[in-house]
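Please read the structure below before turning to the comments.
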Amino acid sequence: MKIPPDFDVSVYELVAQIPRGRAVSYKQLAVLMGFPDHARRVGRALAAAPQGLPCHRVVSSAGRTVSGWTAQRELLESEGVAFRPDGSADLRRCGWEALR
DNA sequence: CGAGTGACTGCCA
DNA sequence: TTGGCAGCCACTC
């Protein structure tokens, strides 16, 4: 499956829909948008994401915050996202579309 | 044009 | 449970 030119845009729109107090993994985003094998591509898209996008709500599948961005955890916590003692986001409780 | 790198994942020891 | 390793894709050197 090829990557459409509006792939990045789809990522942005999806991220913009993440409700406050929720977190999503790159893999989750890739799956929701129909590209389960392009989590890495999603990460690259977010690296170039425009300001104003709540990209801090996106973490790795293990719940790890973005490399080199320690403040991301603070932001999520201030929104009500639960974190584990090891410093990973609790996607089981605060995962978007994966909450149940 | 080949090699290296990264906001990733999943499998195996 | 934790750490190492191999696929993957796009971009830069």
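Below, chain A is the first sequence line, B the second, and so on; all start at residue 1.
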Rounded to whole angstrom units, what separation is found between the [atom1] atom of [X] and the [atom2] atom of [N]?
{"X": "A:Ile3", "N": "B:dC8", "atom1": "CD1", "atom2": "C1'", "value": "14 Å"}
{"X": "A:Arg64", "N": "C:dT1", "atom1": "CZ", "atom2": "P", "value": "17 Å"}
{"X": "A:Trp69", "N": "B:dC8", "atom1": "CH2", "atom2": "C1'", "value": "17 Å"}
{"X": "A:Tyr26", "N": "C:dC8", "atom1": "OH", "atom2": "P", "value": "21 Å"}
{"X": "A:His38", "N": "B:dA7", "atom1": "NE2", "atom2": "C1'", "value": "17 Å"}
{"X": "A:Arg41", "N": "C:dG7", "atom1": "CZ", "atom2": "P", "value": "23 Å"}
{"X": "A:Arg44", "N": "B:dT5", "atom1": "CZ", "atom2": "P", "value": "19 Å"}
{"X": "A:Gln28", "N": "B:dC8", "atom1": "CD", "atom2": "C1'", "value": "14 Å"}

* Worked verdict on A:Val42 versus A:Lys27 for side-chain contact (heavy atoms from CB on, under 4.5 Å) -> CA-CA 8 Å; A:Val42 174; A:Lys27 178 67 173 178; over 6 Å; no
* Between A:Ser60 and B:dC8, is there a side-chain N or O to OP1/OP2 distance below 4.0 Å? ->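 The answer is no; no side-chain N or O of A:Ser60 sits under 4.0 Å from OP1 or OP2.
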* Asked: B:dA7, B:dG10, C:dA10: which one has an atom nearest the side-chain heavy atoms of A:Lys27?
  ->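 Comparing B:dA7, B:dG10, C:dA10 against the side chain of A:Lys27, the answer is B:dG10.
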* Asked: Are any of the side-chain heavy atoms of A:Trp96 and A:Gln17 separated by less than 4.5 Å?
  ->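 Yes, at least one pair of side-chain atoms sits under 4.5 Å.
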* Asked: Which nucleotide, in any strand shown, forms a Watson-Crick or G-U wobble pair with B:dG4, with both distances under 3.5 Å?
  ->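 For B:dG4, the partner nucleotide comes out as C:dC11, under the 3.5 Å rule.
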* Asked: Looking at A:Glu79 and A:Arg57, does any basic side-chain N land under 4.0 Å from a carboxylate oxygen?
  ->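 Result for this pair is yes, salt bridge flagged.
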* To do: Mark yes or no for a side-chain to base donor-acceptor pair under 3.5 Å between A:Arg40 and B:dG6, with no hydrogen or angle criteria applied.
  =>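 Flag set: donor-acceptor pair detected.
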* Asked: Do A:Val9 and A:Met33 share a hydrophobic cluster, counting only Ile, Leu, Val, Met, Phe, Trp and Tyr and linking them when any side-chain heavy atoms are less than 4.5 Å apart?
  ->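 The answer is no; the residues belong to distinct hydrophobic clusters.
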